[in-house]
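Because the structure is predicted, anything quoted here is derived from the model rather than measured. Labels below follow one simple rule: chain letters A, B, ... track the order of the sequence lines, proteins then strands, and each chain is numbered from 1.
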Amino acid sequence: MRRYFSRKLLIYGLTFFVAVTVNWLIPRFMPGDPVASMVARANVAQPEAVEAMRAYYNDLFGFDQPLWQQYVNFWGAMFQGDFGISIWLFPTPVSTVINGAVPYTLGLIVPSVLLSWVVGNRFGAYAARRKLLDNTVLPVGYVLTAMPYMWLAVLLAWALGVIAGLFPVAGGYSFSMRPNWSWTFVLDLLHHWTLPFLSLFLVALGGWAIGMRNMIIYELESDYSNYLSALGAPARLIRRYAFRNAVLPQITGLALQLGVLVAGALVTEIVFAYPGLGSLILKAIQNQDFFLLQGTFLFIVLGVLIANFIIDIVYVVVDPRTRAGMAGAQA
Amino acid sequence: MSLQVSELKVYYKTLKGEVRALDGMTFELGDGEILGLVGESGCGKSTLGKSLIRMDGRMRHVGGMVVLDGRELPIGDDRAMNDFRFREVSLIPQYAMSALNPTRKLRRMVTELLRSRGAEVDTAELERRMDQVGLPREVLDRYPIELSGGMKQRMVMVISTLLDPSLLIADEVTSALDVSTQKAVARALLGFRESGYVKSMIFVTHDIALTHHIADTIMVMYAGRLTEKAPADAIVKAPRHPYTKMLLDSLPEVGVRHADRRLEGIPGSPPSLLDPPAGCRFRARCPIAGDECAQDPPVAELAPDHHVACWKA
Amino acid sequence: MLRLDDVTKEFRIGAFGGKSVTAVREVSFEVAPGEVVSLIGESGSGKSTIGRMILGLNPVTRGSITFDGRPVRADKEYYRHIQGIFQDPFSSFNPVFKADRVYGMIKETYYPAVPQAEWEERVEAALRDVRLNPGQVLGRYPHQLSGGQLQRLLIARALLLDIKLLVADEITSMLDASTRIDVLNLLAELKTRGLGVLYITHDLSLGTYLAERTMVLRRGSIVEMGLTGGVFGDPLHPYTRELLSAVPRLNQAWDDATPVDSCVYHERGATGALIEAEPGHFVACARLDTCP
Amino acid sequence: MTALQETAPREREGVRREALHFAVRNAKLMTGFAIVVVLLVLGMVGPWLVGGAPNDYGTRPMSPPSAEHWLGTTTFGQDIFLQFVHGLRATFLVGVIGGGIAAVIGMLVGFVAGYRGGAVDEVLNMLTNVILVIPTLAVLLIINAYLGIRSVAVQGLFIGLTQWPWAARAIRAQTFSLRTREFVDLARMSGAGTWRIVSREIAPNMSSYLFMTFILLFGGAILIASSLDFIGLGPTEGVSLGLMLQNANQWSALQLGMWWWFVPPGAGITAIVGALYVANVGLDEVFNPKLRET
Amino acid sequence: TGGGSTPNAPATQPQGQAGAASADPDQLPRNETLYTTGTQWGPPLNYNPIREWDSAVGTKGLVYETLFHYDTNAAKLVPWLAESGSWTDDTTYELKLRQGVKWSDGQPFSAKDVVYTFELGKMETIPFHNLWNWLESVKATGDRTVTFTFSKANYQEWDYMLYSRAMVPEHVWKDRSEKEVLDGTNDNPVATGAYTFMSKDQDRVVLQRRDDWWGKAALNLDPKPRYIVDIATPSNEVAMGMLLQKGLDLSNNFLPGVANLVQGNFGLTTYYKEPPYMLSANTAWLVPNTTKKPMDDPAFRKALASSIDVKKIVESVYGNLVKASSPTGLLPQWDTYVDQNVVSSSGFTFDTGKAKKLLADAGYKDGDGDGFVENKDGSKISLTLIVPSGWTDWMESARSIAASAKAAGIQITPDFPDFNALVEKRTAGDFDLLINNERQLSNSPYTYYEYMFQLPVRKQQNTVNFARYENEKAWDLVQQLDQVKTDDTAGMQKIISQLQQIHFDDMPIIPLWYNGLWAQHSTSVWKNWPSAEGSAPKTGAVMWRNWFELGGFETLTQLQPAGS
Ligand SMILES: Nc1ncnc2c1ncn2[C@@H]1O[C@H](COP(=O)(O)OP(=O)(O)OP(=O)(O)O)[C@@H](O)[C@H]1O
Ligand SMILES: Nc1ncnc2c1ncn2[C@@H]1O[C@H](COP(=O)(O)OP(=O)(O)OP(=O)(O)O)[C@@H](O)[C@H]1O
Ligand SMILES: [Mg+2]
Ligand SMILES: [Mg+2]
């Protein structure tokens, strides 16, 4: 148990280290000078002014220091929650930019991941070994998981948004609103959240349903299920047990899928102009704002790591086998 | 008579055709009787056990019937069988090591199982039975993986007999255990009959010596058919069927040495059950087979309670 | 021929070997040519581990194993003389290939020069030696063969090499009584041709059928060792006695050996050195007199 | 892998015959493969049949599907059917390259880690876990943003380099359990080396599993590629279904009512990936008696 | 959690004055709110009028104001914060400020503020620092009078300065450091304008009208929308979707295909009802690197110019949303300065045959028969045209250019590096061809020719003369042009005509098309948008930066609620 966690922590620590290092490394070996593009954007005509600005920004971003120094500074700054200053959104600190976007992204990802997981698993479990459902739910599930996130998102935006006019297609809340905690505002938030949520939810749903369906079939064929049916236990009980055991691999699956789901969320956000990290990343890419890109990347890595860690803990809580130290090797 | 099986035929559906795993079994089992079932691997022992309680998807009840305590068991009807399971017929599976839901504590599992069958848990009774097989009570608050193989085996025994079934089927419950655990488990089974937790029992194994220790009657099967059935001692001491004889002859005893006495196996191998030959199925390997063996030998009661299916016996 | 000196095996389990279990503890014995030594003991007592160490499949933690005076080397030359047969005949064959592929692998490694026709003759001869009909078993997949057939195929495989020692690890565990005896008889024959056999089992009756000498293993340590007749006829160690008493025998009720509660039996696993209680009969009990 | 392919078919007749029996009767497998094959053939033959460069402007922009332009035209008058068939090619290519590279790395790492065990396993396992936990799309974003992607092949390469971990893990687990099987020891006692054991004893035993892994990686690569294309990190040359989708979206196809521009590429991706998944489940059923519908 | 800042309504704003305001103060009434997009592509960053390139929408123009506006139709300055201004002699400019203008904190706007604002330019990093190369001093010669003394009077540039410098309050800014002036976010701006910032979020900035704005009385102008919400839509298609949903009133994005919507019944209008639908905002140029072979040869450049089928780009890529440029590249608003004689004698048109002939005459022949001409020395010509990756319309255009150049025998390969890489290449002169449009409509073609001819060419060319074209005479003429008084049209024409001749003779850069002044309006809530139609306003209808002074603000005063 202790070992399980220390091992996990080691992996997380290592992952983080690697991620941070790669993250720091890549932009510094890439062509293109962010300061140059920043200066170019200012559209200053006089060469002298340009030089002055360039020197000023180089100094500001610390590009004039030796590389190792920059690397060390990077770590140091990071631990103080300082991800640098965004180039695209100069002079906003990256952390401020991210802070503004994170609630939206989390508000989108957390419910869609959890709900699709819960509902998908239930669906899959329910459909397994029931011919009629199996033949209807599953094909739909396959189609859903095979859909590119953004395709579904755009279709939804078009059909339910532009054509039917049921939902707004852009923004986190009405442009006529100012944030406050009134009911109108919350409803408005939900209204804007629905479509992006739905597109994430639907794609993920199919995957979980199929996974669960296959998993539970194995479980229903397992020895303990056979034993229970030999003792005449009702199918309900057997299914319940099978479900619980089939859910365990799905929990690990959740951890594995998180990265993918986050990616899906990013694309979806872009389609719906949802003011989360996705749109931010897109802009950061388009504007070659690598401080922002690094910041968001780190944020995502951290988020995924933390989520993974939570999942690990949950896993230990629900699966007695891990606690007995047997599943250690699976970790 | 608690159990009467007559002309039972159970086949497996396979790609190549039907495997006639049970091809006309007829036998009876009295109240309080323990029937040891032996025979070469693949002769249909497990199939018989499964037929009596739960057939799997590939098994087909082709003919014959099973009567338990005067009521016919609807063995071909999975739903109808449910009423009988656990209460009338119960099972200790071969796979006892993995028969317990790994993610439930035992107490909870037992409670839920019983409740689902409309019974309440009598904790005192449960603990008494656990004591009887030498299981400490704390076991109930553990997960199955926290138990050793023998403990799981015994826990399954306790669970399977909680509703005092009339017939208990124990399929190779000891073959994975080492001798000392095996002994304890076998003893416990006997104890269950003594305490009346079960009325009668079918004990499937390929260890004749072990069967001899706990069974009242031994039934020998060969290729989906009954070959001989008699009180345990009679089978061991005075077997009538050539197959039984040869099987016993090939059993080494502790202390028997090759140098002293060379034992011999039965030459040849059992027929395929896909398309078994007509007549006595042991004919091809039988040293004394004659022309009459081309006909199916009837099961004859040669001595009281001693049934043999052989023309030459 | 084969000699083990104070062989100990510890398994490291978990990441970076966080914990270790001692599977075999200071085991020493010898196997001479033409001798069958049986190794008995309950499940998990370390029998297979000893076998695997001899076969070079597991490294030895401490102590030494020598064969004809040379240490174990898991290489071609070594396996020309020593082969093993494992507990489970079904898993000894790669299920996706025909069973006789095991012969092909031998040829490839050891007899690449032998012409195919001659090789086939040799294989058939070996199969007939183990009383298999070549036509019945060659060209078949493992799942189309019975356990007994597979078991004998493996013995035939060992015979193709001119081996001096066979490690037979519970080779009859899966077989029914009659097939089992065929296999044992075969081993007995090979032994008369000078083959040394380490016969690993937990079925005592089988252990006695062939072996000159018997060793009783308990929790990784040998607790009793001697001529088979001696060990079984006059078991000195309480554990041996308990084992013997639990063996179901035809015509003989279980006699209840009283649970043993003293001496080494208490020191779970921590045995002293074997002492020679009778000539050639060793027992791992420091104070024999107090043992029941 | 090649050794495996060479030896396996000849030697596995028995198992294969049974598998084949179920395979041809498995509706999922058959439909799945049929769809993929049809699309593949379309991608192979289509460009050659229709002719012309997919990005050439035609004379009739924004026209809906017609006999002349089966799937209509884009804002620029490009023939969408032509783009579609070219896009299919690229999409299959990215699947093959991405899925293939990921499968190869996954197998190498999985086999070595699973077979070797010990410290090698620890290190590889650690590496796998590290890469597994890093959100790959984010990494791809970063890499693509900085390196830029010029071609479908490079895109496939990047995807392949990041998608292997789960495959490695699954293969490692399988190898791990196979390695303890006694036929592996027997092979060792027959003088076989590590490489031979892995390629000729272990891999053939999981060939169906490896194939399924490849299918999943293939589908995954296509989806990831389409996401990248959509964000504008796709290849700058050529056509792919993802790029078509991006273009259609960027030029407001749906808002302008040009569904024929937007729907086919997405439907194409969904069809390929969905059919692969369905086929995968079918395969699973074929090789796994437990899943067969009785 | 939206991160909206607390609204900082000026203290002077009378409470409850808004009779029609909805009961919910957090919900803006639709009929009083104008929703716009197309300027801002990300979160609002700052309210710093010095940062003209990335300050929040309306920072300059709605919140901060300039001394003058510029009327693009009448081509003259419109007094704004200034009441008038005039040259008292050749190098002295005297400015009279309007009376009664107050900062939003109640302080009067005075000459000191103007002096302070211009003197900010003395800081090196301030974008208009170069003004001080020719401005000698700024003095408040009275409470409302400012006198500028020049060392060299660049009249054209000066007019530009007059309408593009936002005035900042000295009393608030005076202690600010250079860093803060340049990079400060200037939260809670104190300004003179008609609007004030109410709130902001990731994807929007909300402005609220100041009902005590000085201009209401002084200028008799009354901006109609009580609230302006500028939305940072991440992409065109999202803007289009919102426009269709009536969630936007004005989109200043390039919306490909919008012509279909204008013609359909979607309640969308643009300036013109038919192509090109929009006014023109700037010229897209093809910039050859004149330091490289064969672009160093004017003959080659001319052939290249003739080879490009701009019409095809206009039709296929832009769906007629843009207009092919005049050969001079001067925006239609500057038609007066186009010397038709020069154009007809020396201008170029798309003509593949002529391009081929020009190439042949200049000695570029296809020696190896691959369909492409080679250099005079026989080496292959293979040019790369770079366009930023992701700029889809330009990418398509680049492909189109490559295709039509191919027809003339010039091998061009489009390449799409990332923007940064492109900037680096452009700055260092490490490219063959690129497309650029970085000069906007202004008060004077001077800005165009400065862009084209500025000297000296340095190692790093940051914003102008990317072609690295060196022609002392041309640069001299451009400087002369700068010193022509802005009301001296004839004087300007004379110089410009010479410049055009040089342009055509040497083709340092090749004008392609005019990018539109993208403005598509929805008439569901607001009407009376600028349009070519009879009585409709002709003011500029974009809310782009620097366009409020060019008539964008006036448009707001012309709007009418759709219901009225
Ligand atoms: N699912 C199945 N499908 C087809 N044939 C089967 C199936 N299960 C068992 N059989 C066949 O039915 C016959 C009887 O099998 P059964 O399991 O009853 O034998 P057994 O006597 O219990 O053998 P063992 O001692 O090995 O357990 C065998 O020939 C076997 O091959
Ligand atoms: N690879 C391994 N890693 C860790 N522990 C092992 C390993 N192999 C064996 N062990 C442990 O070593 C001990 C001895 O195992 P071994 O297989 O030698 O027993 P055995 O006597 O052959 O038992 P059986 O009769 O069940 O075959 C057991 O406790 C087992 O758990
Ligand atoms: Mg059985
Ligand atoms: Mg063993």
### Query
Which of the residues E:Leu243, E:Val317, E:Val238, E:Val258 is involved in the greatest number of heavy-atom pairs with chain D at under 4.5 angstrom?
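Between E:Leu243, E:Val317, E:Val238, E:Val258, the count favours E:Val317.
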### Task
Let me know which of E:Asp393, E:Asn236, E:Leu255 forms a side-chain contact (heavy atoms from CB on, under 4.5 Å) with D:Trp251.
E:Asp393
### Query
Would one find more than 12 heavy atoms of other residues, nucleotides or ligands at under 6.0 Å from atom NZ of E:Lys292?
yes
### Query
Do the side chain of D:Gln255 and the main chain of E:Glu237 share a donor and acceptor less than 3.5 angstrom apart?
yes
### Query
Side chain, backbone, both or neither: which part of E:Glu315 has a non-hydrogen atom closer than 4.5 Å to chain D?
neither
### Query
Which region of E:Tyr318, side chain (C-beta onward) or backbone (N, CA, C, O), has a non-hydrogen atom less than 4.5 Å from a non-hydrogen atom of chain D, or is it both or neither?
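When you check distances to chain D, no heavy atom of E:Tyr318 falls under 4.5 Å.
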### Message
Nearest 0.5 Å, please: how far is CD in D:Gln250 from CE in E:Met395?
### Response
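Answer rounded to 0.5 Å: 8.0 Å.
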